[in-house]
Amino acid sequence: MGCVNKILAVLDADSQQQKALNRALHLARLSGAKLTLLLSIYDFSYEMTTMLAAEERDTMRDSLINDRKVWIEDLLEDYNTRDIGIEIEVIWHNRPFEAIIETAIKGDYDVIIKATHQREGIANLFFTPTDWHLLRKAPCLVLLVKEHDWPEHGKVLAAIHTTGEQEHHQSLNQRITEAAQQFAGWLQSDVHLVNAYPGAPVTIAAEIPEFDTGSYRESLKESHQQALAEHGVKFSIPAENQHVHEGLPEQVVPELAEELDAELVVLGTIGRTGFSAALLGNTAEHVIERLNCDLLAVKPEGFQSPVKV
């Protein structure tokens, strides 16, 4: 993974708490990256003002865009930003995710930072349709954040798929681990690796009475432990930071993240047919839905966004 030199932070005009802005400023200071603040706005009533000429409607839109820029400038007055290079972009677009992705592509940004929301009465995060579009289609890293600090000496958890012998699985594992180490370096945190493996099929013992499920599970566990250990050696991650658990990833990863009190979980997304189209795997979606910490989504090498500029 390359260095993070350009950050695109997505602001929320309807929220008093700008979680993405807080995290982006923190990351910009840690990494030395340049920061762009993006606000996507749209009001359908402006387009339906048929009594006005097109030029008058454009003037109204421009006025609203300028008002929003002033709002962002006023917002920044509450922050110490003298040490950070900040640009402001307000875009009129009826599909926020496209505005974000198009901006990321045109500006060649390294990471998109966006806030998530808390479910009422439930600990888990709530992901909006825009969040899911970004996870599936954004061309770069996507960091979805919740409201908490990034304390030093915390933990970053990288979810690895060790049994994939295909080259693209190994490449994505490497990109996930490199991203985890990069962020852990800025946060002075430890990197932990996690790999989930399936148990013995329930029906196999009934169909084959002589089948030894205990030996099968132990052999499978050893195979995954060995594969994860080999991966850990490449990145100098100690054995005590390598976790192999039986179960579904959507159960294992969130549970371990909570157990470790991880600040960040890093996982990969997969592409469809040669990575030409973005598609988040069902397993990754279920993992994400159950997380209660920041999430960093990593795309495969050579990924091309289906959103075209």
Side-chain angles (χ1 to χ4, degrees), residues 4-29 31 33-118 125-135 137-147 294 305 307-309:
V4 172
N5 296 314
K6 297 183 70 177
I7 299 170
L8 182 63
V10 181
L11 299 182
D12 186 351
D14 299 322
S15 176
Q16 301 243 338
Q17 293 183 321
Q18 295 296 328
K19 297 182 288 186
L21 174 58
N22 294 332
R23 186 70 81 246
L25 290 171
H26 190 182
L27 183 58
R29 287 194 177 94
S31 65
K34 295 180 179 179
L35 172 61
T36 296
L37 305 181
L38 173 65
L39 181 64
S40 175
I41 61 173
Y42 186 76
D43 189 334
F44 186 67
S45 63
Y46 280 68
E47 307 296 338
M48 296 301 293
T49 311
T50 56
M51 298 296 291
L52 298 177
E55 184 177 340
E56 292 173 312
R57 290 201 299 272
D58 291 342
T59 300
M60 291 174 63
R61 285 197 298 267
D62 291 342
S63 176
L64 184 58
I65 288 172
N66 289 331
D67 286 345
R68 294 287 82 190
K69 287 182 178 179
V70 171
W71 172 75
I72 296 173
E73 291 169 354
D74 291 342
L75 183 68
L76 290 174
E77 290 183 358
D78 294 332
Y79 296 85
N80 178 14
T81 61
R82 287 175 294 179
D83 57 334
I84 302 174
I86 299 179
E87 294 183 358
I88 295 173
E89 281 204 42
V90 179
I91 297 176
W92 185 273
H93 204 300
N94 65 342
R95 303 182 78 179
F97 81 89
E98 288 187 354
I100 297 166
I101 294 175
E102 288 170 4
T103 302
I105 293 173
K106 287 188 288 187
D108 195 23
Y109 287 90
D110 301 300
V111 59
I112 296 168
I113 301 180
K114 185 182 179 300
T116 57
H117 300 279
Q118 204 82 16
L125 300 180
F126 171 67
F127 294 91
T128 67
T130 297
D131 297 339
W132 288 117
H133 279 297
L134 293 179
L135 290 169
K137 302 172 183 177
C140 56
L141 297 174
V142 175
L143 177 62
L144 296 179
V145 303
K146 55 173 287 190
E147 183 56 48
D294 285 12
S305 174
V307 176
K308 304 303 179 183
V309 178

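These numbers come from the heavy atoms of this one structure, side chains and all, not from hydrogens, waters or symmetry mates. Please read all numbers here as calculations on a predicted model, not as lab measurements.
Side-chain contact between N5 and K34 is absent, with no heavy-atom pair separated by less than 4.5 Å. Side-chain contact check for K6 versus T36: every heavy-atom pair is 4.5 Å or farther apart. In this structure the side chain of K114 never reaches within 4.5 angstrom of the side chain of V142, judged on heavy atoms. Between L76 and I88 there is a side-chain heavy-atom pair separated by less than 4.5 Å. Annotation: side chain of L21 is in contact with side chain of L11 (closest heavy-atom distance under 4.5 Å). Taking 4.5 Å as the limit, every side-chain heavy atom of I112 sits out of range of all side-chain heavy atoms of T103. Residues E89 and L37 form no side-chain contact, since every pair of their non-hydrogen atoms from C-beta on lies 4.5 Å or further apart.
Contact between I72 and L39 at its shortest, heavy atoms only, is CD1-CB, 4.1 Å. Contact between K69 and V90 at its shortest, heavy atoms only, is CG-CG2, 3.5 Å. Nearest heavy atoms, D110 versus C140: O-CB, 3.4 Å. Of all heavy-atom pairs spanning A9 and A20, the tightest one is CB-O, 4.3 Å. Across all their heavy atoms, I101 and A138 have their closest contact at CD1-N, 3.9 Å. Considering every non-hydrogen atom in both K19 and A115, the closest pair reads CE-CB, 3.7 Å.
Among residue pairs with one or both ends in residues 56-76, none qualify as ring-ring contact (aromatic ring centres under 6.0 Å, His included); sequence neighbours excluded.
In this structure, R29 pairs ionically with D83, as a charged nitrogen and a carboxylate oxygen lie closer than 4.0 Å.
The distance from atom CD1 of I86 to atom CG of L25, rounded to the nearest 0.5 Å, is 5.5 Å. One distance of note links CG of L144 with OG1 of T130; it measures 11.0 Å at 0.5 Å rounding. Here the NE2 atom belonging to H133 is positioned 6.0 Å from the CZ atom belonging to R95, to the nearest 0.5 angstrom. Separation of atoms CD1 (I105) and NZ (K308) is listed at 7.0 Å; rounding is to 0.5 Å. The distance from the CD1 atom of I7 to the CZ atom of R23 is 11.5 Å, given to the nearest 0.5 Å. For the atom pair K137 NZ and W132 CH2, the distance stands at 13.5 Å (nearest 0.5 Å).
In this view, Y109 satisfies the ring-ring contact (aromatic ring centres under 6.0 Å, His included) rule with no residue, not counting sequence neighbours. Residues satisfying the salt bridge (charged side-chain N to carboxylate O under 4.0 Å, His left out) test with D62, not counting sequence neighbours, are none.
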